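Reading through the C-alpha cells given below for one structure.
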Amino acid sequence: MQRTKVKDLLTGAEAGKEVLLKGWVRTKRGNKFVNFIAVNDGSTIHNLQVVADSEHFGEEALKDVTTGASIAVTGELVASQGKGQAYEVQAKTIEVLGKADPETYPLQKKAHSLEYLREIAHLRFRTNTFGAVFRVRNTLAFAVHKFFNERGFVYMHTPIVTASDAEGAGEMFKVTTLDLDNLPRTEEGQIDFKEDFFGRATNLTVSGQLEGELAAMAFSDIYTFGPTFRAENSNTARHLAEFWMIEPEMAFHDLKMNADLAEEFIKYIIREAIEKNADDIEFLGQRLAEEDKSKPQQERQEMTLMEKLEFVVNNSFERITYTEAIDILLNSNHYKKKKFQYDVAWGVDLQSEHERYLVEKHFKKPVIVTDYPKDIKAFYMRLNDDGKTVAAMDILAPGIGEIVGGSQREERYELLVERMKGVGITEEDLWWYLDTRRFGGCPHAGFGLGFERLVQFVTGMGNIRDVIPFPRTPKNAEF
RNA sequence: UCCUCCUUAGCUCAGUUGGUUAGAGCACAUGACUGUUAAUCAUGGGGUCCUUGGUUCAAGCCCAAGAGGGGGAGCCA
C-alpha cells in the first residue's frame, strides 16, 4: 500500500478506504479501552488522530508508541466521532519504526521556550512552531524563484569564495589551506599567500552584487539567491554570520524602477505565503497573540499576523527621500520631547530608533527611503545631480528594520573611479568591475534583500536565529 | 564590542533578613477512568542550586572572576 501524507488524509478524499500513514507521534492519550495517537509528518501543522482500540491493541502493543517515536499505521480513514477533527484513522496495525525513550527525549508535549529549542535545533523541526516557520520559509524561497522566473530573470550563481575584499560590506571570513601552525612568510615577514590554495588571499563572499552586475550587462535582468557571510561580531536578533541573500540586478533600470520591483517582489512572495501557508500563519499568529498577553498594553500588536501581512500586500509602501525623513523626525513630538537617544541631523545615518519611529509610529507601514547622503553609502551608488546624495534606497519594515538595501549603480567611469579612490580601492583591485563601465556600460540598478529578515517578517518571529535551521552567530556553530 | 538582566529537577519557574530535610506546575513511572483534544484524577521516583575562588559558625541567597543565554545598542541584510 502506498503511504499517504497527513495533509492529504485530512482532506477526507480517501474516507472509507484503507490507508497507510507514517509519521511521528506528538501525543498519546486515552484509557483502558481506547487510545488516541496524534501523528504528524511535517506535511501540515495539523496532526492526524489515530484511534487504537484495546480490542486490537494491548498495553504491550502501544508501549513504545510514545511522544517522538516514528510509526507506520494502517487502517480505515473514517469521519471522527470526536470533536477536534473531521477525520481520523481507525488503526488495524501499528508498527513502531523508531522508538523515542520518553525519559530522555528532549521534546515534551508542552510548549518549550524558543531559547531552549535553539539548543536542540536538531529536533526543533518537530515542534508546531518550527514546523510552521520552515514550511513558510520553503514557500518564500520557492516564490523568490517563481517571481523572477516569471519575469524572465536569469538565476545566476555568483561565487562563494572570492579574492575581492574591496566590497566594503563588512568583515570577511578568511579561506585558506595554509598550515596555521606554520605559516609561510615573505621576506618582509608578511604571510605569503602565494603559497595558499588560490595563490592569493581569499574570503567568503559578503555579497554577490559586483559579479551580479557583470551578468546583468549581458542578460539584462539577473538575480542571485545564495549564502552570504559576514564576520562581524554582531550579537543581535537580526544578524547572522551566515545568511541567505537575494540580489537582483537590472540593466536599464533607474532608482524608481528598482523600488517598484522591490515592492512588487515583497508583495508577491508574501501573497504566496498567505495563499499556501494560511494555517501555518494562523498558528504563528496565535502564538504571537498569546505572547502579547504578557506584554503591557502599549507594546501589543494592533493587528494579527495575518492582518498585518494582508495590509502590507494591499497597501502601497510609503516613499520618501532621506531629506524628507530627516524633516519628519525633526518635526516630530518625539524629537521635541528629546526622546531620541541619538541626535537627528542631515548627513548622519538614521539610527534604529529613527527608522523605528518612521515605520512603526509615523507611517505604520513599510517605508522606502531614497537618496541618502553620499558619504554614508557605498562607493558604487550613483551620484545624484545635486552632488550631495546618491540614488540609494532602503526598505524599512515594521518590527524588522532594514529589509532591503539597494541603489542605482554608478555607471559613469570617471565618477566611479573617483568614489573608489575615496574609500581606498584602486583601479587594479576591481579592473573587471570597471570594464563593465568601459565596454557597453549602461544605467542599471539592483538591491539586496536579507532572506531571513523577510522570513522573520512573514512569520512574526522576533529572533533571526529562529528562522534559519542552524544559525551561525559569534561563538556558535553547533550542528 | 558596549550596556543590562538571567542561569535552581527533563522543561517552565518560586525560594523571605544568609539558618536545620530546597519547593510547585508540567513531563516521566504506576494505578483509576468507555471517545480523548497539551485528556483528567491519585500515588511515586527525580537536584553538581552554571563553574572556580572568597567572606561567614553557617551560602541557592553576599563578594570576585569566568562560562553560557536573553533584551537593548553599534556594524548591516
Side-chain angles (χ1 to χ4, degrees), chain A residues 26-38 46-55 59 63 66-68 78 80-85 88 90 100-120 127-128 167-171 206-209 225 227-247 262 299 341-342 349-356 376-378 394-397 400-406 447-457 462-468 473-476 478:
Chain A
R26 285 295 174 79
T27 70
K28 181 180 69 172
R29 52 182 174 263
N31 50 48
K32 199 190 283 178
F33 304 92
V34 62
N35 275 283
F36 302 95
I37 306 157
H46 303 294
N47 301 326
L48 188 66
Q49 174 159 286
V50 171
V51 184
D53 278 312
S54 53
E55 279 177 56
E59 247 175 58
K63 181 172 63 72
T66 56
T67 300
V78 297
S80 178
Q81 295 173 36
K83 273 182 185 164
Q85 57 284 314
E88 63 193 17
Q90 190 71 43
D101 178 6
E103 284 286 357
T104 52
Y105 184 60
L107 285 173
Q108 297 162 9
K109 46 186 182 186
K110 59 167 256 180
H112 290 285
S113 68
L114 296 174
E115 292 80 19
Y116 172 67
L117 292 171
R118 223 170 278 153
E119 290 169 20
I120 50 165
T127 63
N128 286 332
E167 292 158 34
E171 289 295 310
V206 291
S207 164
Q209 181 198 315
F225 183 9
T228 310
F229 306 88
R230 303 271 166 92
E232 305 283 352
N233 191 7
S234 297
N235 293 290
T236 79
R238 57 188 184 281
H239 287 89
L240 291 165
E242 177 185 282
F243 64 101
W244 288 67
M245 190 152 64
I246 298 149
E247 296 179 288
E299 291 171 30
Q341 200 189 327
Y342 291 85
D349 207 359
L350 298 176
Q351 300 290 324
S352 286
E353 58 176 352
H354 304 144
E355 295 181 350
R356 276 219 173 131
I376 58 172
K377 286 291 178 185
D394 283 358
I395 301 185
L396 310 175
I400 310 291
E402 186 178 344
I403 198 163
V404 165
F447 61 86
L449 180 143
F451 184 58
E452 281 75 16
R453 290 189 182 173
L454 187 71
V455 181
Q456 270 190 284
F457 184 74
N463 194 312
I464 201 165
R465 293 161 204 201
D466 296 329
V467 298
I468 190 166
T473 53
K475 301 275 184 287
N476 188 358
E478 190 72 46

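Remember, it's a predicted structure, so these values are computed and weren't measured experimentally. Naming: A, B, ... by sequence-line order, numbering from 1 per chain.
A:Arg118 comes within 4.0 angstrom of sugar-phosphate atoms only, judged by non-hydrogen atoms across all strands, and of no base. Looking at heavy-atom distances under 4.0 Å, A:Tyr342 makes contact with sugar-phosphate atoms alone, never a base. Base engagement by A:Gln90 is indicated by at least one non-hydrogen atom pair under 4.0 Å involving a base atom. Across all strands shown, A:Thr228 has no heavy atoms under 4.0 Å from either base or sugar-phosphate atoms. Using a 4.0 Å heavy-atom criterion, one finds that A:Phe36 contacts the bases of the nucleic acid, with or without backbone contacts as well. The residue A:Leu240 sits close to a base: some heavy atom pair falls under 4.0 Å. Residue A:Thr104 is classed as having no contact, given no heavy-atom separation below 4.0 Å to the nucleic acid.
Interface remark: the A:Asn31 side chain does not form any donor-acceptor pair with the B:rU36 base, using a distance-only criterion of under 3.5 Å. Side-chain to base pairing of A:His239 with B:rC76: one donor and one acceptor N or O lie within less than 3.5 Å of each other. A:Glu115 contributes no side-chain N or O that forms a donor-acceptor pair with the base of B:rU12 under 3.5 Å. Within 3.5 Å, a donor on the side chain of A:Ser234 pairs with an acceptor on the base of B:rC75, or the reverse.
Pairing for B:rG45 is absent, with no Watson-Crick or G-U wobble pair whose two atom distances lie under 3.5 Å. Partner assigned to B:rA58 is none, using Watson-Crick or G-U wobble distances below 3.5 angstrom. Base pairing of B:rA73: its partner is B:rU1, meeting the Watson-Crick or G-U wobble criterion (both donor-acceptor distances under 3.5 Å). Summarising the base pairing, B:rA9 is matched to no nucleotide, lacking a Watson-Crick or G-U wobble pair whose two defining distances lie under 3.5 Å. Both distances falling under 3.5 Å, in either a Watson-Crick or a G-U wobble arrangement, place B:rA65 opposite B:rU51. Across all strands shown, B:rU21 forms no Watson-Crick or G-U wobble pair with both distances under 3.5 Å. B:rA32 and B:rU40 make up a base pair, with Watson-Crick or G-U wobble contacts both under 3.5 Å.
If you check B:rA77, B:rG35, B:rU12 against the side chain of A:Met245, the one that comes closest is B:rA77. When distances run from any side-chain atom of A:Lys32 to the nucleotides B:rG35, B:rC33, B:rG72, the shortest one goes to B:rC33. Residue A:His112 places its side chain closer to B:rC11 than to any other of B:rG70, B:rG74, B:rC11. Distances from the side chain of A:Gln85 to the nucleotides B:rC75, B:rG35, B:rU36 place B:rU36 closest. The side chain of A:Glu88 sits closest to B:rG35 out of B:rG74, B:rG35, B:rG70. Distances from the side chain of A:Gln108 to the nucleotides B:rG69, B:rG74, B:rG10 place B:rG10 closest. For A:Thr27, taking side-chain heavy atoms from C-beta onward, the closest of the listed nucleotides B:rA38, B:rC75, B:rG35 is B:rA38. Of the candidate nucleotides B:rC75, B:rG72, B:rG70, B:rG72 has the atom nearest to the side chain of A:Ala237. For A:Arg453, the side-chain atoms get nearest to B:rC76 when compared with the rest of B:rA73, B:rG35, B:rC76.
Atom name C1', nucleotides B:rC76 and B:rU1: the rounded distance is 15 Å, in whole Å. Taking atom C1' on both nucleotides, B:rA59 is separated from B:rU20 by 14 Å, rounded to a whole Å. Taking the C1' atoms as reference points, B:rU17 lies 23 Å from B:rA24, given to the whole Å. Nucleotides B:rC63 and B:rG70, compared at atom P, are 25 Å apart to the nearest Å. When the P atom is compared between B:rU12 and B:rA22, the two are found 22 Å apart, to the nearest whole Å. Here the separation of B:rG23 from B:rG46, taken at their P atoms, is 13 Å to the nearest Å. Between B:rC13 and B:rU7, the distance separating the two P atoms is 9 Å to the nearest Å. Between the P atoms of B:rG71 and B:rG66, the separation comes to 23 Å (whole Å).
Separating the CG atom of A:Asn47 from the P atom of B:rA39 is a distance of 10 Å, rounded to the nearest angstrom. The distance from atom CD of A:Glu452 to atom C1' of B:rA77 is 9 Å, rounded to the nearest whole Å. With rounding to whole Å, A:Glu402 atom CD is found 6 Å from B:rA77 atom C1'. Remark: P of B:rG68 and CG of A:Asn235 are 11 Å apart, rounded to the nearest angstrom. One can place CG of A:Leu396 at 12 Å from P of B:rA77, the figure rounded to the nearest angstrom. In this structure, the CZ atom of A:Arg29 is 13 Å from the P atom of B:rC28, given to the nearest Å.
Both A:Phe451 and A:Gly30 lie near RNA chain B, and the one whose nearest nucleotide falls closer to the 5' end is A:Gly30.
Between the CD atom of A:Glu402 and the CG atom of A:Asp394 there is a distance of 4.0 Å, given to the nearest 0.5 Å.
A:Val51 has its side chain out of reach of A:Gln81: every pair of non-hydrogen atoms, C-beta onward, lies at least 4.5 Å apart. A:Phe243 is not listed as a side-chain neighbour of A:Phe451, based on a closest heavy-atom distance of 4.5 Å or more.
In this structure a side-chain-to-backbone donor-acceptor pair under 3.5 Å is present from A:Thr67 to A:Arg26.
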